[in-house]
Amino acid sequence: MKVNEKRRALMKALPASSLVLAGGAHAAIAEDPWGRAKEIADRLAKPLKFRAQDYPITKFGAATCKLVQVKAWVSHDDQEIVGTQAPGAHDCYPAIKAAIEAAHKAGGGRVVIPAGNWYVAGPIVLLSNVHVHLKKGANVLFSNNPADYAKYGEFDCGANGKLVISRWQSNDCLNFASMVYAYGADNIALTGEDWTSVLNGQGGVPFDGKGGDCWWTWKGRNRTINPASQANTPGYKEGKVTQRDPNPVNPKSLKDVAPQLTEEERLLIQGDGERWRADEQYLPALSEAGVPLARRVFGLGHYLRPPMIQLIGCTNVLLEGYHVQHTPFWQHHPVHCRNLAIRNVHCNSKGPNSDGFDPEACDMVLVEGCTFDTGDDCIAIKAGKDLDTQYGPSQNIVIQKCIMQSGHGAVTLGSEMAGGIQNVYAQDLVFENIHWATDPLNTAIRLKTNMNRGGYLRNFYVRNVKIPNGVQTSPSFYASLPGSPIASRTVATAAGAVVTFDCDYTPTADTVRTRPPMVSNVQISNVTVGDVDVKQGPKKGQKASCFQAIVILGPVASDYNGAQPMPPVFPVTGVTISDCDFGTPVNSEQPWYLYNVKGLQLNRVKIGGKEYNTTLSA
């Protein structure tokens with residue numbers, strides 16, 4: 001099996017043709033960041049153009065299906081009766097594939113999915129100059145059988161199936177296809193007429209239809225300390241093999257796949273015990289060991305769930321107007337794409353790792369008018385992990401006029417950000433948090449990195465954010481490493497703060513910790529946070545907006561475990577928070593927590609009714 005090197009070269013070449021905005025504009029950005037944001041938004045407001053011919057999928061043999069009612073998971077913790085395809089349902093995969101290929105061959109056009117229930121047992125693969133459009137009332141039910149996403153890929157991997165080039169949590173691999181997939185396409189669109197135009201990943205519907213495992217079961221044990229909600233993994237029972245458990249099909253030693261490693265290198269990457277053989281650890285180990293993509297084979301026999309919509313190396317992309325729900329993994333994952341707009345999409349999936357929108361190593365992105373209700377971060381900007389940084393940074397991203405409900409973070413950067421993140425603008429947002437009493441938004445503005453993920457964040461601008469129902473009012477913690485100056489279960493980096501910069505994110509999960517992150521030039525202004533009734537803890541019944549207003553945990557030098565001399569470990573610098581009212585923290589005695597932070601400026605910032613104008617370092 002060989003990976004097509006021409007296709008890989010396409011992906012590597014894209015950054016060279018990126019806009020002037022991408023480089024050397026830091027001074028101009030600092031002088032007029034919101035003018036720069038407007039330039040990006042205006043550029044991406046221009047409509048894409050497609051050849052004016054429709055290709056209804058019914059002309060290619062598609063037929064609607066009947067539904068039956070089954071008990072399925074609809075979140076980490078809840079089950080409901082939902083509709084799924086009846087046994088023997090007509091598979092529309094061949095018809096949709098034929099319609100897209102016909103439009104592409106003719107020079108482009110619009111593939112139309114009419115109203116009705118359509119069962120699709122395989123990926124919808126987008127091709128250049130094709131617009132796939134869901135009419136009002138179109139309900140696409142993707143197969144919940146993993147084998148259907150290991151049938152049609154370009155790479156025949158034997159018992160693992162026919163797989164596609166993918167990225168899983170920012171590491172390259174050959175894996176299951178996503179429900180909607182594209183590679184190297186230009187001028188593509190996926191749209192819906194309104195939010196009755198549904199793409200349903202059926203992530204919580206049991207594989208057997210009777211109550212067994214589902215896609216979400218593959219997540220494995222929940223390991224968040226003190227979660228207020230999302231405490232369970234649907235269908236998981238102790239003893240099941242998941243992405244977090246050693247997979248017996250993975251080699252017993254890295255020597256088997258990376259014989260060039262020295263013994264010291266191998267032991268550093270593997271760490272202690274067998275944990276590195278779990279799929280979620282094995283893939284990063286392959287990256288750290290320099291194993292090429294063609295030998296990073298997952299798919300059948302493994303437990304890495306595919307994103308719902310994954311677009312790799314694409315240019316000029318529109319995602320608009322539909323409702324995506326119950327996704328196996330991340331909802332939208334564009335990788336190394338350029339000129340991408342996502343507008344008025346309802347990102348609604350409450351299962352494990354159901355991030356709403358995760359642009360990775362992308363340049364020129366507009367997120368506008370979307371609503372997020374998620375089982376993980378609403379928006380999480382990524383940029384590679386371990387040694388998979390060949391596509392460079394994520395940059396020139398505008399997020400505006402969106403609404404966030406449940407989620408771990410509303411606007412998040414990281415945690416996979418080894419290639420760097422820069423020039424991000426977030427404005428005119430409402431973090432509504434309507435589920436605050438039962439499934440609260442964990443934190444509002446969030447950065448995640450550590451001594452493994454490394455990377456940099458610079459030029460991050462946030463303004464005009466309303467958070468009427470606060471964020472989670474109880475703290476959630478992650479564990480620190482032995483010997484850390486940060487005691488475990490003491491700092492609320494996982495949930496509880498309005499602004500959370502966590503440069504020591506889950507350090508126990510990474511065996512290689514040799515890349516200190518850098519954070520600079522962050523400006524946050526005009527954030528208003530409301531109080532709600534506290535539901536638990538010693539202040540139950542009182543009004544509060546959060547547990548703490550601000551948590552900034554800078555890089556922790558003691559986590560480093562590489563060769564000496566250790567590279568410099570810099571504090572978080574250049575953070576300014578102005579004209580904000582953070583409401584009333586539960587932890588009024590310590591309204592903020594700072595570690596390895598230099599020169600945090602608070603200008604006209606109210607916390608608990610008291611105004612602060614000060615510069616803080618720790």
Side-chain angles (χ1 to χ4, degrees), residues 72-73 75-77 79 143-151 153 157-164 166-171 173-178 201-224 230-257 269-289 291 295-307 326-330 351-354 375-376 385 506 508-511:
W73 295 92
S75 72
H76 285 74
D77 306 303
Q79 291 179 286
S143 165
N144 58 322
N145 181 357
D148 289 330
Y149 304 96
K151 286 182 178 178
C157 300
N160 298 72
K162 293 183 178 180
L163 308 179
V164 301
S166 184
R167 262 201 175 190
W168 193 88
Q169 286 196 339
S170 300
N171 288 126
C173 61
L174 297 174
N175 199 20
F176 299 106
S178 297
Q202 302 202 90
V205 175
F207 296 148
D208 61 6
K210 301 175 183 178
D213 292 359
C214 61
W215 280 114
W216 291 343
T217 309
W218 290 9
K219 167 71 173 182
R221 299 176 299 278
N222 184 287
R223 60 187 177 196
T224 302
Q230 301 181 0
N232 302 304
T233 298
Y236 176 75
K237 295 179 181 178
E238 202 66 37
K240 288 186 176 180
V241 179
T242 69
Q243 69 185 54
R244 289 182 169 170
D245 301 288
N247 189 336
V249 305
N250 292 333
K252 294 182 178 180
S253 172
L254 270 177
K255 289 179 182 178
D256 298 334
V257 289
I269 295 170
Q270 288 188 192
D272 297 328
E274 291 282 286
R275 191 178 68 163
W276 76 278
R277 297 180 66 203
D279 286 340
E280 71 172 15
Q281 299 286 341
Y282 179 56
L283 177 55
L286 295 178
S287 174
E288 293 284 5
V291 174
R295 294 169 58 200
R296 303 185 195 180
V297 180
F298 288 82
L300 297 172
H302 295 268
Y303 300 90
L304 301 185
R305 295 161 287 152
H326 306 318
T327 64
F329 192 61
W330 295 349
N353 305 110
S354 289
D376 208 309
K385 186 175 183 290
T506 59
T508 59
D510 297 304
T511 57

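Along the sequence shown, residues carry numbers from 1. On a predicted model such as this, the values are computed, not experimentally measured, just so you know.
Asp148 and Ser143 share a side-chain donor-acceptor pair at under 3.5 Å. Between Thr242 and Asp245, the side chains place a donor N or O and an acceptor N or O closer than 3.5 Å (distance only, hydrogens not considered).
When all heavy atoms of Pro306 and Pro328 are compared, the pair lying nearest together is O-CB, 3.8 Å. Nearest heavy-atom pair, Asn144 versus Pro206, reported as atom, atom and distance to 0.1 Å: ND2-O, 2.9 Å. Closest approach of Pro248 and Pro246 over heavy atoms only: CD-O, 3.5 Å. Between Ala289 and Leu254, the shortest heavy-atom contact is CB-CD2, 4.4 Å. Gln230 and Gly375 make their closest contact through OE1-O, 3.1 Å (heavy atoms, listed as atom of the first residue, atom of the second, distance). The two residues Val297 and Cys157 make their nearest non-hydrogen contact at CG1-CB, 3.7 Å.
Side-chain atoms of Asn175 never come within 3.5 Å of backbone atoms of Ser166 as a donor-acceptor pair (strictly under, hydrogens ignored). Side-chain atoms of Arg296 do not come within 3.5 Å of backbone N or O of Leu283 as any donor-acceptor pair. Proximity of a side-chain donor or acceptor of Asn160 to a complementary backbone N or O of Phe298 within less than 3.5 Å is detected. No side-chain donor-acceptor contact under 3.5 Å links Asn247 to the backbone of Ala278. Looking only at distances, a side-chain donor or acceptor of Arg295 sits under 3.5 Å from a matching main-chain atom of Val257. Thr327 contributes no side-chain N or O that, together with a main-chain N or O of Ser354, makes up a donor-acceptor pair within less than 3.5 Å.
When side chains are defined from C-beta on, Lys385 does not count as touching Ser287, because their heavy atoms never get closer than 4.5 Å. Pro352 places a side-chain heavy atom less than 4.5 Å from the side chain of Pro234. You'll find the side chain of His302 stays beyond 4.5 Å of the side chain of Trp168, heavy atoms only. Side-chain atoms of Tyr282 and Glu280, non-hydrogen and from C-beta on, never get closer than 4.5 Å to each other. Looking at Gln169 and Asn353, their side chains come closer than 4.5 Å, going by heavy atoms from C-beta outward. No side-chain heavy atom of Asn250 sits less than 4.5 Å from a side-chain heavy atom of Gln281. The closest side-chain heavy-atom distance from Phe176 to Leu300 is below 4.5 Å. The side-chain heavy atoms of Trp276 and Ile269, taken from C-beta on, include no pair separated by under 4.5 Å.
The distance from atom CG of Asp213 to atom NZ of Lys237, rounded to the nearest 0.5 Å, is 9.0 Å. Here the CG atom belonging to Asn232 is positioned 4.5 Å from the CG atom belonging to Asp77, to the nearest 0.5 angstrom. With values rounded to the nearest 0.5 angstrom, Arg275 atom CZ is found 7.5 Å from Thr511 atom OG1. Between His326 atom NE2 and Gln202 atom CD the span is 8.5 Å, to the nearest 0.5 Å.
Ring-plane geometry between Trp215 and Phe207 is classed as perpendicular, the angle between the planes exceeding 60 degrees on a 0 to 90 degree scale with a lower cut at 30.
Shown here is Lys240, whose NZ atom has more than 12 heavy atoms of other residues, nucleotides or ligands within 6.0 Å. Other residues, nucleotides and ligands place no more than 12 heavy atoms under 6.0 Å from the CG atom of Asp272.
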Pair Ser253, Gln270 - check side chain to side chain contact (heavy atoms under 4.5 Å, CB included), show working.
CA-CA 8 Å; Ser253 172; Gln270 288 188 192; 3.6 Å; yes
Please determine whether side chain to side chain contact (heavy atoms under 4.5 Å, CB included) holds for the pair Trp73 and Trp216, giving the CA-CA distance in whole Å, both sets of side-chain angles, and the decisive distance to 0.1 Å.
CA-CA 9 Å; Trp73 295 92; Trp216 291 343; 4.0 Å; yes
Could you walk me through whether Asn171 and Leu286 satisfy the side chain to side chain contact (heavy atoms under 4.5 Å, CB included) test, starting with their C-alpha distance in whole Å, then the side-chain angles of each, then the deciding distance to 0.1 Å, before giving a yes or no?
CA-CA 9 Å; Asn171 288 126; Leu286 295 178; over 6 Å; no
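Contact check on Lys219 versus Asp376 returns no salt bridge, with no Lys/Arg side-chain nitrogen under 4.0 Å from an Asp/Glu carboxylate oxygen.
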